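To start, the structure under review is shown below, and the notes come after it.
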Amino acid sequence: MSVRPISAADAIGRLQDFDAVIDARSESEYAEDRLPGAINWPSLDDAQRHEVGTLYKQVNPFEARKRGASLVAANISRHIARDVMDKPKGWKPLVYCWRGGQRSGSLSLVLGQIGFNVHIVEGGYKAFRAAVLAQLPELARSLQYRVVCGPTGSGKTRLLQALEAAGAQVLDLEGLASHRSSVLGIIPGQPQPTQKRFDTLVWEKLRSFEPARPVFAESESKKVGNLAVPDALMEAMRASPCLRLDLADDERVRLLLEDYAFFSSDRDLFCGRLDALVQIRGREQVQAWQAQVRSGDIESVVRELLVKHYDPGYASSTSRNFKAFGQAQPIAPKDRSPEAMAELARELVAS
């Protein structure tokens with residue numbers, strides 16, 4: 001038998017040494033957050049955890065442990081039959097559960113008895129989460145950022161995508177958060193991750209960057225949808241050099257119509273999101289916009305949203321939050337097209 005404990009910090013530093021990272025928690029715990037690259041082999045699934053927990057509270061711990069052992073043994077048997085039979089003797093998995101206790105211990109014990117070289121994370125996911133939160137500030141401060149500023153519709157996300165395609169290091173917080181960072185920024189069919197998952201995704205991205213090369217990011221607020229950007233990262237970005245992305249108003253309107261095409265095809269969805277602006281813009285104005293949307297005059301609403309909602313105060317807000325915005329380098333693609341953004345991205349990478 002070969003089962004070796006490993007600290008969360010060491011496991012993080014050696015992830016590439018393992019042939020598989022196995023999360024022995026339930027499917028909902030796994031969905032909330034997990035180690036990079038982890039696969040889910042529940043020792044107890046959600047329904048079974050509830051069943052065992054109920055027995056523990058309503059009957060007694062001994063009966064709960066018996067039932068739990070039966071379920072865990074059956075689940076581990078299925079995992080081995082489905083996923084282990086083709087593995088060579090030298091296969092080396094890393095296993096964890098919530099606190100490195102019975103669920104990961106049971107799975108590790110069986111895999112070790114087979115003859116595999118198993119490592120189990122001491123303290124489990126809880127220790128991993130603590131390590132992520134401890135490392136995030138240092139990682140954020142170790143990098144140099146170039147912050148792309150520009151009003152709504154100027155193409156910041158398109159430019160970031162073009163920069164990444166051109167080989168630049170890019171931190172796309174909106175992409176990681178599955179949200180376009182405004183009151184209308186929901187992405188249908190893409191729910192936001194949990195805060196824990198977002199933190200891990202940001203940490204994982206930051207640790208992939210080379211400190212000697214700049215990281216391009218967008219001038220975000222402290223929250224992207226319902227998710228908070230880590231404080232240290234926000235502070236580092238706000239103290240960094242800025243690029244001011246300029247795009248003609250007509251191009252901005254057309255860009256938004258393209259990027260938010262789902263609002264044009266689902267007018268009820270658009271009207272529902274506009275309700276969020278009642279407190280800021282007043283019910284009369286919002287109802288007028290909703291009437292225009294229902295009549296099909298989407299372009300006029302988008303243009304007015306820019307003029308009356310998004311643009312007012314943009315420059316002063318950005319200047320207040322990003323110290324170097326007043327000295328921002330102006331950059332301007334010839335239009336909103338992918339080709340124009342790619343050309344601009346190549347120029348920025350070359351410079």
Side-chain angles (χ1 to χ4, degrees), residues 1-53 68-87 90-114 116-136 176 178 191-208 227:
M1 180 181 71
S2 178
V3 178
R4 303 176 184 178
I6 183 172
S7 70
D10 285 345
I12 287 170
R14 295 180 51 196
L15 285 175
Q16 71 280 357
D17 295 341
F18 301 102
D19 297 312
V21 180
I22 301 172
D23 188 324
R25 300 174 302 160
S26 68
E27 60 270 36
S28 65
E29 293 172 292
Y30 173 82
E32 184 180 32
D33 189 29
R34 54 194 174 272
L35 270 67
I39 56 177
N40 192 204
W41 293 9
S43 292
L44 291 172
D45 63 28
D46 285 326
Q48 292 166 342
R49 285 188 72 214
H50 178 73
E51 178 188 349
V52 172
S70 171
L71 293 169
V72 167
N75 288 334
I76 291 175
S77 175
R78 280 191 289 272
H79 296 319
I80 291 171
R82 183 190 63 203
D83 297 309
V84 176
M85 301 306 291
D86 63 340
K87 300 296 187 290
W91 185 64
K92 187 163 66 172
L94 174 70
V95 182
Y96 70 93
C97 60
W98 171 241
R99 287 185 297 187
Q102 293 180 337
R103 288 184 288 175
S104 58
S106 298
L107 176 58
S108 297
L109 176 65
V110 175
L111 292 175
Q113 290 283 2
I114 292 172
F116 296 119
N117 184 6
V118 186
H119 285 70
I120 184 169
V121 179
E122 293 179 305
Y125 169 79
K126 189 175 181 181
F128 164 75
R129 169 72 175 165
V132 167
L133 293 180
Q135 291 179 12
L136 260 172
L176 297 178
S178 294
Q192 290 198 266
T194 65
Q195 182 67 53
K196 289 180 179 179
R197 186 71 192 135
F198 180 64
D199 291 341
T200 297
L201 291 172
V202 171
W203 165 83
E204 193 173 0
K205 194 69 176 175
L206 292 179
R207 69 196 292 264
S208 74
L227 301 174

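Treat the numbers as computed from the prediction; the structure is a model and nothing was measured.
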* **Partner of Asp199 by side chain to side chain donor-acceptor pair (under 3.5 Å), out of Arg197, Lys196, Gln195** => Gln195
* **Rounded distance (nearest 0.5 Å) linking atom NE2 of His50 with atom OG of Ser26** => 13.0 Å
* Are the side chains of Pro193 and Leu227 in touch, meaning some heavy atoms are under 4.5 Å apart? -> yes
* Asked: Between atom CZ of Arg25 and atom CH2 of Trp98, what is the distance when rounded to the nearest 0.5 Å?
  -> 7.5 Å
* Got more than 12 heavy atoms from elsewhere within 6.0 Å of NZ, Lys87? -> yes
* Structure fact -> Closest non-hydrogen atoms of Ile12 and Trp203, given as atom of the first, atom of the second and distance, are CG2-CZ2, 3.5 Å
* Asked: So, are Arg129 and Glu32 salt-bridged, with charged N and O less than 4.0 Å apart?
  -> no
* **Donor-acceptor pair, side chain of Ser77 and main chain of Ala73, under 3.5 angstrom** => no
* Do Leu201 and Lys205 have side chains that get closer than 4.5 Å, going by heavy atoms? -> no
* Structure fact -> Minimal heavy-atom distance between Glu122 and Ala127, with the atoms involved, is O-CB, 3.4 Å
* side chain to side chain contact (heavy atoms under 4.5 Å, CB included) between Met85 and Ile80: does it pass, once the steps are laid out? -> CA-CA 6 Å; Met85 301 306 291; Ile80 291 171; 4.1 Å; yes
* Asked: Can you tell me how far the CG atom of Leu15 sits from the CD atom of Glu204, to the nearest 0.5 Å?
  -> 8.5 Å
* Asked: For the residue pair Trp41 and His79, does the interplanar ring angle fall in the parallel (under 30°), tilted (30 to 60°) or perpendicular (over 60°) class?
  -> parallel
* Asked: For Leu35, does its backbone N or O pair with a side-chain atom of Tyr96 as donor and acceptor, under 3.5 Å?
  -> yes
* Asked: So, Asn75 and Ser43: side-chain donor and acceptor under 3.5 Å apart, yes or no?
  -> no
* Does atom CZ of Arg82 have more than 12 heavy-atom neighbours from other groups under 6.0 Å away? -> yes
* Asked: Around atom CD of Gln102, are there more than 12 heavy atoms of other residues, nucleotides or ligands at under 6.0 Å?
  -> no
* Asked: Minimum heavy-atom separation for Val21 to Pro36, with atom names?
  -> CG2-O, 4.2 Å
* To do: May I ask you to decide if Gly90's main-chain N or O and Asn117's side chain share a donor-acceptor pair within less than 3.5 Å?
  => no
* Which heavy atom in Ser108 sits nearest to a heavy atom in Val3, and how many Å separate them? -> O-CG2, 3.3 Å
* Structure fact -> Value for CZ (Arg49) from CD (Glu29), rounded to nearest 0.5 Å, stands at 4.0 Å
* **Side-chain heavy atoms of His119 within contact of Asp17, under 4.5 Å** => no
* For Asp23 and Asn40, indicate whether the former's side chain and the latter's backbone hold a donor-acceptor pair under 3.5 Å. => no
* **Test side chain to side chain contact (heavy atoms under 4.5 Å, CB included) applied to Arg14 and Leu94, step by step** => CA-CA 10 Å; Arg14 295 180 51 196; Leu94 174 70; over 6 Å; no
* Asked: Does Asp46 use its side chain to pair, donor to acceptor, with the backbone of Ser28 at less than 3.5 Å?
  -> yes
* Determine the minimum heavy-atom distance between Val95 and Leu107, stating which atoms define it. => CG1-CD2, 4.0 Å
* Where do Ile6 and Phe18 land on the side chain to side chain contact (heavy atoms under 4.5 Å, CB included) test, with the steps shown first? -> CA-CA 12 Å; Ile6 183 172; Phe18 301 102; 4.1 Å; yes
* Asked: Can you find a heavy atom in the side chain of Val121 that is under 4.5 Å from one in the side chain of Phe128?
  -> no
* Please check if the side chain of Arg34 supplies one atom and the backbone of Ala38 the other of a donor-acceptor pair under 3.5 Å. => no
* To do: Might you point out which heavy atoms bring Tyr125 and Asp33 nearest each other, and give the distance in Å?
  => OH-OD2, 2.7 Å
